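Remarks on the structure that follows.
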Amino acid sequence: MVAPVLTRSPEALRALQDDALAQMVALCERGHPYYQRLLRQHRLRASDLRTTEDLQKLPLTRKQDLMQAPEAFRLTLPELPVAERVLWDIAYTTGTTGQPTPVYSTTHDFYATLECWRRLWTIAGVRRTDIVANLFPLTSYPSGAFLRTAISSIGALVLNALPGASYPPFPVQRSVDEVIDLVVEKEATVLGAVPSFLRRLLMRAEERQADFSRVRLVCLTGEACPPGLREDLRARLLRLGARAPRINVRLGFTEAQAAFVECEEGGPLMNPAPDLLFFEIVDPASGERLPDGQPGLLVMTHLNRRGTVLLRYVLGDVTALARDRCPTCGFTTERVLQPPVRVDHLTKVRGMLVNPDVIHDLLAAQPEVEEYQIVFRKEDPRDPYSRDELVLRLAVAGEATAVSQAVAAAVREAVRVNPVIEIVERAAIFVPGAGMKARRVIDLRPKPE
Ligand SMILES: [Zn+2]
């Protein structure tokens, strides 16, 4: 049973979002340092922002704004009831600087997140009878994916496998082999993981001929999962004994403590919490809101939070949204129409605009390529004016020369840049569990002045 809010008429849902927004903005006007200042600067009052249409009067908030002053984004209202003030937990998001930025959740926010995840898991196909293996790593700061998978609000059993780089003072993290043992021993039926980690785990499980026959569903988040990678994972699961495993992909944001979730495999991604989160698309150049269906920057607004509160926050993905009834699931909540592209991913190589996601897609679809890394560097590292080089570092199974030639030809065809291929060991690219994700793109070129 999915929450009734998801199937309201589009008009009723918009009215609900308008009401929630008006209350949220009123709270910000009373006790949110950043938005109090922004409203003053733009001579706006909360009463000017009563609907999601009105929201367009407010300037966008950038990730940089949050990173520079995360405390200024916390609602501070001592008169609120205790559940709305008490700090329940903190998740961290990382930006380009690598410095983790805190996202504060009060008890109120945590309960909202549990409700959101109850819907999200239901849409993804997780059932109360499932045994969910939480394969998100235990990292040096709490990540939303780990925290929110660890507590099931739908009554399923959760096995927290705790992979991750060992922390010597208290080495509680488990190795990949120990994680595999747990999945087998506890007969997990659902695996929740980051795609690159899951792929390595499945590779190792294949080497050990482990029995994953009970796995029926895989829930992925944290990285893109192009069709080639999805099929690669499915083939490995089938070889491990799984019967018709389903793969569900989410698009999650730490700042939201929520995710868009596929309502069918490979289908549209739905906002499971339109009562908590409003999404819009804006023109990347002008910042103006774009009509539904047009691609642009994805922007999020909290509708009912008490800890970190963000209004018109630019998430950094380019995609398009629809709000009519989803032809697949019938929900009227926002849905993402096309696979999102991270805007900061596009880069120029020898004058050609290259989207590394296209290369990801190609490499993930090559069964012989076990791991890969995309590196941009200068031909002569001591000469900042030498030519750009696109280097593909590959760990391959099988005959390296043939694989290299095939990959080079496919990449040249796709991005019109001739890549340099370097063959390396798997561990040189990615040690499973060492971080949240594999580092797939490295740009070693000097930053432009
Ligand atoms: Zn749908």
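What you are looking at is a predicted structure, and each value in this text was computed from that prediction instead of being measured. Each ligand, and each atom within it, is numbered from 1 in the order the structure gives. Positions are given from 1 along the sequence.
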- Item | With sequence neighbours excluded, residues passing salt bridge (Lys or Arg N to Asp or Glu O under 4.0 Å) with Arg62 | none
- Query: Which residues satisfy the side chain to side chain contact (heavy atoms under 4.5 Å, CB included) test with Ser47, sequence neighbours excluded?
  - Reply: Arg45, Arg50
- Message: In the structure I gave you, are the side-chain heavy atoms of Thr308 and Tyr313 within less than 4.5 Å of one another anywhere?
- Response: no
- Query: Any Lys/Arg nitrogen of Glu207 or Arg200 sitting under 4.0 Å from an Asp/Glu carboxylate oxygen of the other?
  - Reply: no
- Query: What protein N/O/S atoms are found closer than 2.8 Å to the Zn ion (ligand 1)?
  - Reply: Cys263 SG, Met270 SD, Cys326 SG, Cys329 SG
- Any Lys/Arg nitrogen of Arg204 or Glu370 sitting under 4.0 Å from an Asp/Glu carboxylate oxygen of the other? no
- Query: Pairs in or reaching into residues 20-29: which pass side chain to side chain donor-acceptor pair (under 3.5 Å), with residues at least two apart or in two chains?
  - Reply: none
